[in-house]
Amino acid sequence: MKGERKMKHKKVVRPYSVCLASLAAGIAVLLAGSVFLRAGYPADAVVLQVQTGDTSQLQGFTLQGAWQETIKSGISFSLENGSLTTVPQLQAEPDSGIALWGQGRLCVPEENLAEVDAQAAGGAFSGSYGAFFLRSHYEGMNFTAETTHLEEIYALTVTDGSDLSVRFSLGEIETSAPVTVTAEIHTENRVWGSFPYCTALDGVADTVSGIREVQILSAEKPVSLYVGPGNGQNAGIWQVLQLCTPEEIEQIVPDVMIHGTAVPSNTEPYGAVEEVCTLDAGERLAPCADWYNARLDNGRWFLTENGEGELSLLLLDENWQILSKQLLGMKMTEGQQVTVLPSMRTNEIVFTVTDSNGAGQASVLRMENGKVQAQKVMTVTAETPLLTAGFSQDGTKLMIVSEKAEDLTVLVPAALREQYAYTPMAESEVPYTADAVTGWNVQVYPVDDLSEPSFSAVLDFGVTQQWAREIWLSGVYNVERNISRFEVIGAWENAKGEHV
């Protein structure tokens, strides 16, 4: 009948059923992840193989490490009081720092630009970049001149796409001989393509005295920099207080005239920096490529050297203010460099002072109330690179951890080498050998006698298939590489919750 409605059974959705369904889905995902991790990283992926002594010698020690195979999966382990545990992980912890790029230049001060520009010579230039329909053309004028009066300018830029940056002056320099400087005027990109007279530091660093070294010490906010001595100024640690956007920079930076054309100044500072720690006259940070691991539970530490090469330990609080400084009784010689190693305790410091071959000395310090409570210095060689070292809890023993490397050989199909590496066809499989770090040597010594270990073992990573794959790929592309994926996790990282 028209207008008559047929009754339909309405499906009732109960809230708890939705929750149960979601729970079941979540459990399924977790089970799948667990199966994946168990299959990819079995419980015996890291094995302690005792060679001499008893595991009771490991009482009072905690050694932590991690292997990150990809950005999504990995494994961490802990050797604590002789007990070894492994923990699979699905996701790596994000880096807490920001990506930075620093550049130093020597520029003509604005008050001298007109004089330098008047005696400059130059001409037109043009070119193109890109490909196909993305190809772009550029043109402009460049000029060169010579001067003996320059200003050292340093700019630091965040490279995450935001283009935030800061620029500051490190003082004016009078050179003993004329330095060639260049200016460019780009007709299509006035702001970023054009610049007044300047020169890169790389080309003149060996001939111009007074240039101050700048090194990024921490990429975490606030960004911290080391500024070396020079131009009559002491070395110090500076912090970046303010970064500017490109739009803010355009508002701050004035124009200057180059051959009648207005271009942005390259000496006008923007953003803000502050010197938070000043070193003594003649003192500088010891040469070190990376101070990342130079941390204690409540602050940071650095090594400084005076004009005689004597090393001092500099302790800073969480605000980068000086707490104390003390001589260590160690000296650096020409060509040596410091390497900071992750420590096994938050109140310990581990570093090496080695030559270009990796041979030299290592030092382990235990700190208490800002003072060195215990120090042990040992010899290190290039053959067994030191990874970390540390005292037992009671301070009577010392653990030394170094790499265990061996040559591994795999057979690489000749056809694949021909296809991917463009090498001549061989009749059969080609053997390929590479140096691989397959474990760590773990040794325990009485703290007062390092002649013979009381305990010796190998932490075997049990991942020869992984190494075989890497060597196989190396053989395919005929590229030598050192295969080492495990790293020591410093105690301060776990203490601050920065690693699982």
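The shortest non-hydrogen separation linking Val166 to Ala272 is CG2-N, 3.7 Å. Gly53 approaches Phe455 most closely through the heavy-atom pair C-CD1, 3.9 Å. The two residues Leu296 and Glu348 come nearest to each other via the heavy atoms CD2-O, 3.8 Å. Nearest heavy atoms, Gln321 versus Val276: NE2-O, 3.4 Å.
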Query raised in the report: side chain to side chain contact (heavy atoms under 4.5 Å, CB included) between Asn231 and Leu170: does it pass, once the steps are laid out?
Result: CA-CA 9 Å; Asn231 203 19; Leu170 293 174; over 6 Å; no

**Report entry** Verdict with reasoning, Lys397 to Val447, per side chain to side chain contact (heavy atoms under 4.5 Å, CB included)
**Finding:** CA-CA 5 Å; Lys397 297 174 291 185; Val447 75; 5.9 Å; no

Query - Test log, rule side chain to side chain contact (heavy atoms under 4.5 Å, CB included), inputs Leu387 and Ser402 - result: CA-CA 5 Å; Leu387 297 175; Ser402 60; 5.5 Å; no

Report task. Could you walk me through whether Leu285 and Trp291 pass side chain to side chain contact (heavy atoms under 4.5 Å, CB included), step by step? Result -> CA-CA 10 Å; Leu285 279 194; Trp291 291 100; 3.9 Å; yes

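Once rounded to the nearest 0.5 Å, the distance linking CG of Leu201 with OG1 of Thr199 reads 8.0 Å. Atoms CD and CG, on Gln215 and Asp290 in that order, are 8.5 Å from each other to the nearest 0.5 Å. Distance check: Glu318 CD to Arg300 CZ gives 9.5 Å after rounding to the nearest 0.5 Å. Distance check: Ile349 CD1 to Leu313 CG gives 4.5 Å after rounding to the nearest 0.5 Å. Distance CG/Leu327 to CG/Leu311: 9.0 Å, rounded to 0.5 Å. Gln337 CD to Met332 CE: the interatomic distance, rounded to the nearest 0.5 Å, is 7.5 Å.
Atom CD of Glu308 is surrounded by 12 or fewer heavy atoms from other residues, nucleotides or ligands within 6.0 Å. Heavy atoms of other residues, nucleotides or ligands lying less than 6.0 angstrom from CD of Gln51 number more than 12. Crowding of Arg366 atom CZ: a count of heavy atoms from other residues, nucleotides or ligands under 6.0 Å exceeding 12.
Here Glu310 pairs with Asn306 under the side-chain hydrogen bond (donor to acceptor under 3.5 Å, both in side chains) rule; sequence neighbours left out. Glu283 meets the side-chain hydrogen bond (donor to acceptor under 3.5 Å, both in side chains) test with Thr304, Lys325; sequence neighbours excluded.
A centroid separation of 6.0 Å or more is found between the aromatic rings of Tyr154 and Trp238. A centroid separation of 6.0 Å or more is found between the aromatic rings of Phe302 and Tyr226.
The closest donor-acceptor contact from the side chain of Asp460 to the backbone of Gly439 lies at 3.5 Å or more, if one exists at all. Side-chain atoms of Arg284 do not come within 3.5 Å of backbone N or O of Ala235 as any donor-acceptor pair.
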